[in-house]
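Everything on this sheet refers to the single structure shown next.
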Amino acid sequence: MADVRLLTGSFDAAVEIERFLAANGEAGGVASFIGRVRPGGGVEALELSHYEPLTLPGMQALAAEVEARWQVTGLLIVHRSGVMLPGEAIVLVAAAAHHRREAIEAVDFAMDHLKGDSWFWKREKRADGWHWIEPRERDFSDLARWDEKSAN
Amino acid sequence: MADVRLLTGSFDAAVEIERFLAANGEAGGVASFIGRVRPGGGVEALELSHYEPLTLPGMQALAAEVEARWQVTGLLIVHRSGVMLPGEAIVLVAAAAHHRREAIEAVDFAMDHLKGDSWFWKREKRADGWHWIEPRERDFSDLARWDEKSAN
Amino acid sequence: MPLRLVFLGRLADVAGAGEREVAAVPSIAALLAGLEPELSAALGAARIRIAVNGNVVADRAMFTLRDGDEVAFLPPVSGG
Amino acid sequence: MPLRLVFLGRLADVAGAGEREVAAVPSIAALLAGLEPELSAALGAARIRIAVNGNVVADRAMFTLRDGDEVAFLPPVSGG
């Protein structure tokens, strides 16, 4: 059963990984990805907004798809919303599995879909105020990788 | 500069990730993989032996190849040797990068090569004594994935 | 009961607020026709998805609104 | 100075120890010929790699040993 959380406050990614390792002691492999607000580039703060009736159900549906697609014995998806400062964690995905490849691909798939296909809207605060961030072409190409794999 | 360690004693993977996150604060993305001795299956202990003149230089060469191949801003490779008990960490690879895909692929590549192409010999202790573990076909196919990508 | 409108992302800037209530109308076309022209154009763009009571609408032209519905306007999500 | 032999993995079981010293000989063929037949066969298999002083030997037939060399016999590494 996946652990899916949409948080409005900050979280400690290393502590979450430690707990995940302890909670999934039977798994030989644990892969993870942590996304943080990148310092520099003139970004003073980042705000992610969500739409409650869609965002959390969307994350839960993604977790279910990951669990259907890979043999993971544990899955953790934590995503921040609200205003974040440079260096703070935005997202953590961790997957536990018997086999290395399952764990790594589960994290990779979940991250691609969280980034390119989930209901978050993001804006950055710079010296001249807040700016909405538009979709990036790379997110669509990252997502398309999985469709190609399904077609094989 | 990669941090490459060949340890004879146990290590705390979550603590290493915490330190890696702190040491690579400028990176937006940190991917990691932790491999542990899997409990169950009748395995009482696992022993990894290495040959000092080859094993550590081999790990360092792998780290250099990862850094040449992906735009990582930080790389950590920690590998145990000696006798390990179920649940103990054997290997940790972590990569920090500006871009998610670079970090995840760097970890994936490093793990495939650590598992299938590095100088460790492994034996398991079961109720009837120690048994050497032979190479697995899957390790060769995991490695071959990267040759295919290079050919593209 | 009025309709409750929710504007996500940059649409909140166009609407001047994240939410608004309007008198009930039976269709999305009628809803858009009753708004300021600039907002109506922004909400009506093809790349804007619409969710009614938490469900994304597949065919906005065919969708029938009911009193009290929550209608959310969803611009493309932001990149990574 | 003698040659120092190092046996990795299961080869240590065949040799009865992880290391051994033998009198210097000029070639790997001569080295193997001087060992017990079972050990010689195990070490001479094509899938066994040989490292001399920490460098893996590309062509064992052409390699010239020197006094005091460390010759390591490396079976295929174990799977994940």
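Throughout, a chain's letter reflects where its sequence line sits, starting with A, and its residues are numbered from 1.
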If you count heavy atoms of other groups shown closer than 6.0 angstrom to CD of A/E44, is the number above 12? yes
What are the two closest non-hydrogen atoms of A/R101 and B/R145, and how far apart are they? NH2-NH2, 2.6 Å
Taking every heavy-atom pair that is under 4.5 Å apart, which of B/L92, B/I17, B/I104, B/D12 has the most such pairs with chain A? B/I104
Rounded distance [0.5 Å steps], CG in B/N24 versus CZ in A/R36: 7.0 Å
Looking only at heavy atoms, what is the nearest atom pair of B/P39 and A/G25, with distance? CG-O, 3.3 Å
Count the heavy-atom pairs under 4.5 Å between each of B/E16, B/M111, B/R19 and chain A, then report the option with the highest count. B/M111
If I compare all heavy atoms of A/A103 with all of B/F33, which pair ends up nearest, and what's the gap? CB-CE1, 4.3 Å
Does some side-chain heavy atom of B/R100 sit less than 4.5 Å from a side-chain heavy atom of A/D112? yes
Top contributor to chain B contacts, counting heavy-atom pairs under 4.5 Å, from A/G40, A/A14, A/S32: A/S32
Interface check, chain A: of B/V91, B/V37, B/I34, most non-hydrogen pairs under 4.5 Å belong to B/I34
Which bit of A/A27 is near chain B, if near means a heavy-atom gap under 4.5 Å: side chain, backbone, both or neither? both
